[in-house]
Chemist: 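Encoded as C-alpha cells, here's the structure I'll be asking about.
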Amino acid sequence: QVQLVESGGGLVQAGGSLRLSCASSRRTSSSYSMGWFRQAPGKEREFVSAISWNSGSTFYEDSVKGRFTISRDSAKNTVSLQMNSLKPEDTAVYYCAAARLGYGLRSSSTYDYWGQGTQVTVSS
C-alpha cells in the first residue's frame, strides 16, 4: 500500500507560480511512476504530467508544456510539480498518483494509488 499526500496548493494571481509536492509513505522512486492529474469543477479528471520510474522520461499535457516541470527527489520520496505562468484555466484540484507501470501514464486507469488532492486557484 502506498499513501500519497499532496501539499503546496493555494490561491495565486495569473502569471504567478506554485510548487506542488507529493509525499509518499514508502519508497517509490525505484518502482513507481508518478503522475499529476487535475479536476476542475464540472469537468473530468485530466492528465497534467508524469515521470516514468524506469526511464525517467517526463510527459506533459500540451497546455502546460513549457510552464510546468515535474521532478522527483528519491531521497525524500517526493515528487514535485513546479507551475509557472499560471492561468485561470489551471484552476482545479490537483491529484498525485503512483503507478507500477512505466507506460500508459497519460491514462488515469494506469495508476494504482491516489492522493486526496490539493486545491489550486488562479485569479485573473
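Computed from a predicted model, the values in this text were never measured in an experiment. Index from 1, following the sequence. Values reported hereafter were calculated over all heavy atoms of this structure, with side chains retained and with hydrogens, waters and symmetry mates removed.
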Chemist: Do you see a donor-acceptor pair shorter than 3.5 Å between the side chains of Tyr113 and Arg100?
Modeler: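 There is such a pair (donor and acceptor under 3.5 Å, judged by atom type) between the side chains of Tyr113 and Arg100.
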Chemist: Quick check: do Phe68 and Ser49 have side-chain heavy atoms less than 4.5 Å from each other?
Modeler: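 No, side chains not in contact.
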Chemist: With the side chain counted from C-beta on, respond yes when Val48 and Tyr94 share a heavy-atom pair under 4.5 Å apart, and no when they do not.
Modeler: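 A side-chain contact exists here, since the closest heavy-atom pair is under 4.5 Å.
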Chemist: Between Lys65 and Asp62, is there a salt bridge with N-O shorter than 4.0 Å?
Modeler: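 Looking at Lys65 together with Asp62, the answer is yes, because their closest N to O distance falls below 4.0 Å.
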Chemist: Indicate yes or no: at least one non-hydrogen side-chain atom of Thr118 is less than 4.5 angstrom from one of Tyr95.
Modeler: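 Answer no - side chains too far apart.
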Chemist: For Asp73 and Thr78, which I'm curious about, is there any donor-acceptor pair between the side chains at under 3.5 Å?
Modeler: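 Per modelled atom types, Asp73 and Thr78 side chains form no pair under 3.5 Å.
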Chemist: Validate the cation-pi geometry between Arg45 and Trp114: distance from NZ or CZ to the six-membered ring centre under 6.0 Å, angle to the ring axis within 45°.
Modeler: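 Verdict for Trp114: a cation-pi partner in Arg45.
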Chemist: Are any non-hydrogen side-chain atoms of Phe59 and Ile51 less than 4.5 angstrom apart?
Modeler: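 Counting from C-beta outward, Phe59 and Ile51 never come under 4.5 Å.
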Chemist: Determine whether Arg19 and Met83 make a side-chain contact, defined as any pair of heavy atoms from C-beta on separated by less than 4.5 Å.
Modeler: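 They are not in contact (no side-chain heavy atoms under 4.5 Å apart), so the answer is no.
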Chemist: Using side-chain heavy atoms (C-beta onward) and a distance below 4.5 Å, is Thr69 in contact with Leu81?
Modeler: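 Counting from C-beta outward, Thr69 and Leu81 never come under 4.5 Å.
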Chemist: With a sphere of 6.0 Å drawn around CD of Glu46, does it hold more than 12 non-hydrogen atoms of other residues, nucleotides or ligands?
Modeler: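 Result for CD/Glu46: enclosed.
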Chemist: Can you tell if the side chain of Ser24 reaches within under 4.5 Å of the side chain of Gln3, non-hydrogen atoms only?
Modeler: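 The answer is no; the side chains never approach within 4.5 Å.
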Chemist: Can Ser80 and Gln82 be counted as having a side-chain donor-acceptor contact under 3.5 angstrom?
Modeler: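 No pair is found: no donor N or O on one side chain lies under 3.5 Å from an acceptor on the other.
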